[in-house]
Amino acid sequence: MKKIFLLISLPFIIPACNNQQQANPESKKDWWKEEIVYQIYPRSFKDSNGDGVGDLKGIISELDYLKSLGITAVWLNPIYESPNDDNGYDVSDYRKILREFGTMQDFDTLLKGLHDRHIKLIMDLVVNHSSDEHEWFKQSRSSRDSKYRNYYHWWNAEKGKPPYRYSLFDINHDAWKYDSTTNAYYLHYFSRKQPDLNWENPVLRKEVYDIMKFWADKGIDGFRLDAFGFAAKDTSFPVFPNGFEKNFMLYYSMGPHLHEYLQEMNKEVFSKYKLMSVAEGAGNSFKDAHDLVDANRNELNMAYAFEGVDIAKPTGYSLTHFKEVFSRWDSAFENNGWLSIFLANHDQARMVTRFGNDSKEYREKSSTLLTSFIMTMRGTPYYYNGDELGMTNAYFTDIKQYKDMPTLNEYQYQLKQGADMTSFMKKIQFECRDNGRTPFQWDSSANAGFTTGIPWLSINPNYTTINKAAQDKDPNSVLNYFRKIVAIRKSNPILVYGKYTLLDKENPSIYAYTREWENKKWLVLLNFSAKESSINLGYHYRTKKQIINNYSATTTDEKLRPYEAVVYEL
Ligand code: GLC
Ligand code: CA
């Protein structure tokens, strides 16, 4: 069976690191390095009016919850007007709020409410493509002479069929769609309803900068650039080698002039406001990633790389591999550039299911272990809503329960190929992104307190035991552990800036590292296994000053308990 229906699960190719450059002291401290970003998937967070869809008023009603978490910034998935082919990643008007989500007035209230609580707002900017229902595309498709024609990529049919391009979301994986109105094909790397914008056109680029300024003038604090690595294209559309789609990142990402576009965006927008910037993906090599984010290049602030989250497979993953990847990235960015740290987002299944252990026995401990990892690594943490409760995969058994467009398209595609659908269903139980999108579990009342109506995506039945209300009351809950460790990170710059050193790298169960900053040294010990495990550090760690531990009862036993996470000051 072909494994191509989720772009984010494709492996990235990273050559060996040779980027040990000179320390760059002036880039050491920056406000955006100190942020703790909490990602909200608005559709699934909180519904205020009973239509089953989360909305801005719902988020507004939980502003105090956000404040109680201690997080300092919110990244909101797209909230713009959209026909919702891909849950808002198909924008039909970049200056309007999706009606289901509310109004511009609600947006202003939300922004003010966040700022009143010292929480910043990062918006998702989806400009590799728009919706086919955007006015630009309607005009563009109407005539070859339209002034919007060059806002998109067209291939006139009299030239014959265009060279094959693979589409991630198309039902036939064909990225060229024939349109009879003008006898031409248009390009869509994602679905047919997501035509790619033509970044080679300076008029289009200016339109995007104006949109960005519209939001920046409202006072938002940053942008996450969706799928931006794909934006630049070789518009001669050369033929790619057979089978290129198995490694499409090499052909699709970091096209010609991408850096020029980012430098232009930086000059036109970022440099004029106090904004943080991050793009989805980090190119195909450390060199690409550095070229995107090194301070002296004036492009983006930080890299958001997938090699770490891509490790988890249905068959599991090896901790030594996990350690190797995160350590390699850290060392490549030790002196220059800056990273994001995350284990989940709206395109992934749940963190505890993929990287921890979602059994009744170990769900809580392994959730807090993973949270400890994210909050004690160098880089800006991006933490996905619901993970602070240890929410798990949904384990849907019927394709009708799924709503994700690429998954449903892939289901049809596999069916047509005569694939083994039982194993397909198993696979999506583990990795379909709907697993991470089931509604937030607020309490044990009907529909988890998410909605009074019918939720747009089924609620995970485990909400009766896993929910915010229950965890609020329990001082040892996953939620209260999250609050504790966030507070520790915020008041201890060692966790943001401190030098990272991996210890005992071959240890198959324990991830151990130190962080050092201004004459302080902290030790982080994480037992990623369900068994008691030990590590030889050459000294007794239980005698050191404990900063935090995910077990409430202390022990003098120098063995880490199952999924124990503990931080010491040395
Ligand atoms: C990014 C988004 C994903 C979306 C895709 C197309 O990968 O994170 O949710 O489907 O781009 O916009
Ligand atoms: Ca609603």
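Atoms within each ligand, like the ligands themselves, are counted from 1 in listed order.
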The single option from Asn87, Asn385, Asn77 passing side chain to side chain donor-acceptor pair (under 3.5 Å) against Tyr41: Asn87
Side chain, backbone, both or neither: which applies to Arg224 and ligand 1 if a contact is any heavy-atom pair less than 4.0 Å apart? side chain
Specify whether an N/O/S atom of [X] falls short of 3.0 Å from the Ca ion (ligand 2).
X      : result
Glu100 : no
Asn49  : yes
Val53  : yes

Name of the Asp47 N, O or S atom nearest the Ca ion (ligand 2)? OD1
Is atom CD of Gln417 surrounded by more than 12 heavy atoms (other residues, nucleotides or ligands) closer than 6.0 Å? yes
Once rounded to 10°, what is the value of the angle centred on the Ca ion (ligand 2) between Asp55 OD2 and Asp51 OD1? 170°
Minimum-distance pair of heavy atoms, taken over all atoms of Met249 and Asn284: O-ND2, 3.3 Å
Give the minimum heavy-atom separation between Ala305 and Trp329, together with the two atoms involved. CB-CH2, 3.4 Å
With atoms numbered from 1 as shown, which atoms in ligand 1 lie under 4.0 angstrom from a non-hydrogen atom of [X]?
X      : result
His129 : 6 (C), 12 (O)
Phe169 : 10 (O)
Arg433 : 3 (C), 4 (C), 9 (O), 10 (O)

Tyr148 side, atom OH; Glu135 side, atom CD - distance, nearest 0.5 Å: 7.5 Å
Would you check if the side chain of Trp176 reaches a backbone N or O of Pro163 as a donor-acceptor pair within less than 3.5 Å? yes
With a 6.0 Å cut-off on the ring centroids, do Tyr384 and His346 count as close? no
